[in-house]
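Written below as structure tokens is the structure these notes are about.
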Amino acid sequence: MIKIAPSILAADLLNLGRDVLRAEAAGCDWIHVDVMDAHFVPNLAYTPETVRSLKKAVSVPLDVHLMMDRPETLLDAFLEAGADIVTIHAEIDSDIAQLVKRIRGAGALAGIALRPGTPLGAVRPYMDSVDLILAMTVEPGFGGQKLDERVIAKIRAIRDTGYQGEIEADGGIREDNLGMLAENGLTVAVMGTALFRCTDMPETVARLHRLQAGSSRKRDGV
Ligand code: DX5
Ligand code: ZN
């Protein structure tokens, strides 16, 4: 079944605790924390202290997406604050293999992310050592954008390499396009706007999980 990971980028900042508790109670599987350094992306968001506070509030895994040019500067702080999954971008100049080792060495799952325009080849050297590949379905930096359908082929291509880890997508995911993503190999859906704007989150999450069960059955040929 697809995991649903609400992005707190779309939460009500003045009621962040209420919104994450609502998401957890609605059956969401992870909480996605978009971290931005105003350099790798033209936006600034969230800190290790946010992760520390969220860790006290919810028991579902915290999925921390580091949209940072130099994640090594804050990696220990995010890990120590309680990040359960830490994803770095394939486009950075840092020593990715070394960072992946540090993330896993701290007991967290390691992910590597690709902007929509970055080819799959950029993650090939790391596929044997990461637990998750994040195929961004929008240009990172802002929520509420339209899903870039060209990325669906990339998700399919990742799965077709035989990669067995999590394949996550992030950006523009809605109830009406999630089935297509699942049929092409997605296992984790980051959803911000579509989830936090809905009035019936428990029913929506239940439909998404049910919807995915059908799609994954089709994919698995069951
Ligand atoms: C982009 C952000 C968004 C956000 C989710 O850097 O990562 O993808 O989390 O976007 P929406 O609101 O479209 O679900
Ligand atoms: Zn993200």
Side-chain angles (χ1 to χ4, degrees), residues 2-13 16 19-20 22-23 26 28-48 50-51 54 60-69 71 74 78 83-92 103 108-118 123 130-152 154-155 166-182 186-198 201 204-205 207-208 211-212:
I2 291 282
K3 295 180 192 61
I4 304 299
S7 163
I8 60 170
L9 203 64
D12 171 358
L13 269 188
L16 185 56
D19 275 6
V20 292
R22 193 159 68 94
C28 291
D29 303 281
W30 295 353
I31 297 289
H32 188 81
V33 183
D34 280 314
V35 177
M36 302 181 186
D37 66 356
H39 198 258
F40 182 76
V41 290
N43 199 353
L44 194 57
Y46 299 121
T47 71
T50 313
V51 171
L54 290 173
V60 293
L62 300 180
D63 173 32
V64 178
H65 175 194
L66 299 181
M67 288 167 269
M68 297 175 67
D69 265 328
L74 284 174
F78 277 107
D84 298 285
I85 303 113
V86 177
T87 296
I88 57 177
H89 266 264
E91 299 89 359
I92 61 176
I103 294 166
L109 297 183
I112 188 161
L114 293 164
R115 289 175 183 264
T118 305
V123 295
V130 293
D131 305 287
L132 177 145
I133 298 176
L134 167 53
M136 287 300 298
T137 32
V138 296
E139 199 52 39
F142 298 90
Q145 302 177 67
K146 195 172 165 338
L147 181 134
D148 181 341
E149 300 220 342
R150 292 171 302 172
V151 181
I152 296 168
K154 189 189 293 184
I155 291 169
E166 302 284 10
I167 300 179
E168 186 176 45
D170 177 356
I173 300 179
R174 310 267 180 276
E175 192 164 349
D176 63 3
N177 60 31
L178 193 47
M180 178 177 47
L181 293 165
L186 189 84
T187 60
V188 186
V190 175
M191 296 174 76
T193 311
L195 266 188
F196 283 112
R197 302 283 186 279
C198 76
M201 203 188 271
T204 300
V205 174
R207 278 200 311 275
L208 293 174
L211 174 96
Q212 296 327 310

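Numbering of ligands and ligand atoms starts at 1, following listing order.
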Between Asp176 and Arg174, is there a side-chain N and carboxylate O pair less than 4.0 Å apart? no

Indicate yes or no: does an N/O atom of [X] lie under 3.5 Å from an N/O atom of ligand 1?
X	answer
Asp34	yes
Met67	no
Met191	no
Gly172	yes
His32	no

Please state whether Glu139 comes within less than 4.0 angstrom of ligand 1, counting heavy atoms only. no

Non-hydrogen atoms of Ala194 versus ligand 1: any pair closer than 4.0 Å?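 No heavy atom of Ala194 comes that close to ligand 1.
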
Write out the residue and atom name of the closest protein heavy atom to [atom], then the distance separating them to 0.1 Å.
atom	result
atom 6 (O) of ligand 1	Gly141 N, 2.7 Å
atom 14 (O) of ligand 1	Gly192 N, 2.7 Å
atom 12 (O) of ligand 1	Thr193 OG1, 2.5 Å

Among residues at least two apart in sequence or on other chains, which ones pass ring pair (Phe, Tyr, Trp, His ring centres under 6.0 Å) with Phe40?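 Ring pair (Phe, Tyr, Trp, His ring centres under 6.0 Å) check on Phe40 returns His89.
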
When rounded to the nearest 0.5 angstrom, what is the spacing between CD1 in Ile8 and CG in Leu195?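 Between Ile8 CD1 and Leu195 CG, I get 13.5 Å after rounding to 0.5 Å.
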
When rounded to the nearest 0.5 angstrom, what is the spacing between CG in Leu109 and CG in Asp131? 4.5 Å

Quick check: does any side chain N or O of Asp37 sit under 3.5 Å from a backbone N or O of Asp69, one acting as donor and the other as acceptor?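 Present.
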
Donor-acceptor contact present, side-chain Lys3 to main-chain Glu168, <3.5 Å: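 It does not hold such a pair.
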
For Ile31 and Ala23 the tightest heavy-atom approach is CD1-CB, 4.2 Å

Closest approach of Met68 and Val35, non-hydrogen atoms and distance?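 Reported closest heavy-atom pair: SD-CG1, 4.1 Å.
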
Under the side-chain contact (heavy atoms from CB on, under 4.5 Å) criterion, do Val60 and Asp29 qualify, and how do the steps go? CA-CA 6 Å; Val60 293; Asp29 303 281; over 6 Å; no

What part of Asp170 sits under 4.0 Å from ligand 1 if we count only heavy atoms: the side chain, the backbone, both or neither? both

Within the 4.0 Å heavy-atom cut-off, what Pro140 brings close to ligand 1 is both

Can you give each donor-acceptor pair under 3.5 Å made by side-chain atoms of residues 133-145, sequence neighbours left out, with the distance rounded to 0.1 Å?
residue: Thr137; atom: OG1; partner: Asp170; partner atom: N; Å: 3.3
residue: Thr137; atom: OG1; partner: Asp170; partner atom: O; Å: 3.1
residue: Thr137; atom: OG1; partner: Gly171; partner atom: N; Å: 3.4
residue: Thr137; atom: OG1; partner: Gly171; partner atom: O; Å: 2.8
residue: Glu139; atom: OE2; partner: Arg115; partner atom: NH1; Å: 2.5
residue: Gln145; atom: NE2; partner: Glu139; partner atom: O; Å: 2.9
residue: Gln145; atom: NE2; partner: Phe142; partner atom: O; Å: 2.6

What protein N/O/S atoms lie closer than 2.8 Å to the Zn ion (ligand 2)?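 Those protein N, O or S atoms (cut-off: under 2.8 Å from the Zn ion (ligand 2)) are His32 NE2, Asp34 OD1, His65 ND1, Asp170 OD2.
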
Val190 side chain near His65 side chain, heavy-atom distance below 4.5 Å: no

Taking the side chain as every heavy atom from C-beta outward, state whether Leu54 and Val33 have any atom pair closer than 4.5 Å.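 Yes, at least one pair of side-chain atoms sits under 4.5 Å.
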
Show me which atoms of ligand 1 lie under 4.0 Å from any heavy atom of [X].
X	result
Ser7	4 (C), 9 (O)
Met36	6 (O)
Gly144	11 (P), 12 (O), 13 (O)

Under the salt bridge (charged side-chain N to carboxylate O under 4.0 Å, His left out) rule, collect the residues that match up with Arg197, sequence neighbours excluded.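 Listed in chain order: nothing, the list is empty.
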
